[in-house]
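Atoms within a ligand are numbered from 1 in the order they appear, just like the ligands themselves.
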Amino acid sequence: MFASGRGSNLEALLAAIAADDGFGGEVALVVSDREDAGALDLARRDDIALLATPVGDDRRAWEASLLDELARHSIDVVVLAGFMRVLSASFVATWEDRILNTHPSLLPAFPGAHAVRDALDYGVRVTGATVHFVEAQVDAGPIIAQRAVEVRDGDDEAALHARIRAVEHQLLPECVRALCQGRIERRGRQVRVAPDDEEQT
Ligand code: GRF
């Protein structure tokens, strides 16, 4: 899991994994470009390997060392949640179909770092959360799942983001679980998530 912020999505993912013997994966490494990220505290709490790695001047060297760390920890899937660094085209190509991001809007509306504020400023009545595969173009990879959140009169950025986060806390673990269980199939931009047999019964 790559996270620069408070880490509530990591917390939700850890809780989902802890509650489900058949989840099919575990969080083996938490990476942050900020030393003060809440996600790192969660990693310490749960004794998960962590890497606090500010980018510095040499981006290529930074990404090369990240790739080494991912290999060293035998990572299969990379999950970005509030990771505020853009990864290079070659990095994401290395992880094609194995790197996800959660974004706090209904993409392709409101890409970028201020999605919640931008949706409020625009005046939309419905926004939401998107989980998508990461590709070179930021916030534009194939969409795995989306869920809507209504904008309420009087919402400010914090209130709306809190309700979007609550939705992400469901949606992201669902998508990670489906990927770990081999239930996600992608053809070009079209993504299909096969139903979970357990959930059907
Ligand atoms: C999430 O809303 C994510 O979509 C956005 O940043 C937020 C990260 O939240 N890119 P947290 O650090 O997981 O609490």
Which of the ligand 1 atoms, numbered from 1, are nearer than 4.0 Å to a heavy atom of H103: 4 (O)
Close approach, H161 and ligand 1, non-hydrogen under 4.0 angstrom: yes
Over 12 foreign heavy atoms within 6.0 Å of CZ, R152: no
Residues E69, R72; criterion salt bridge (charged side-chain N to carboxylate O under 4.0 Å, His left out); working and verdict: CA-CA 5 Å; E69 281 297 310; R72 201 164 71 81; 3.1 Å; yes
Winner among G82, G38, A113 once heavy atoms are compared against atom 6 (O) of ligand 1: G82
Nearest-neighbour protein heavy atom for atom 14 (O) of ligand 1, which is reported as residue plus atom name and distance: S8 OG, 2.5 Å
From V191, V193, V131, residue fulfilling side-chain contact (heavy atoms from CB on, under 4.5 Å) relative to C175: V131
Neighbour count >12 (heavy atoms, 6.0 Å) for atom CZ, R98: yes
For atom 3 (C) of ligand 1, closest protein heavy-atom neighbour: E168 OE2, 3.3 Å
Identity and distance of the protein heavy atom lying nearest atom 7 (C) of ligand 1: R165 NH2, 3.8 Å
R34 atom CZ, neighbour heavy-atom count above 12 within 6.0 Å: no
Within 6.0 Å of CG in D156, more than 12 heavy atoms from elsewhere: yes
4.0 Å heavy-atom contact, A3 with ligand 1: no
For P104, atoms of ligand 1 separated by under 4.0 Å from a heavy atom: 2 (O), 4 (O), 5 (C), 10 (N)
Q137 atom CD, over 12 foreign heavy atoms within 6.0 Å: no
Atom indices of ligand 1, in the order listed, that fall short of 4.0 Å to a heavy atom of R6: 11 (P), 12 (O), 14 (O)
Rounded distance [0.5 Å steps], CG in D33 versus CG in L51: 10.5 Å
Polar contact flag for A81 and ligand 1 (N/O pairs, less than 3.5 Å): no
G5: numbered ligand 1 atoms lying under 4.0 Å from its heavy atoms: 12 (O)
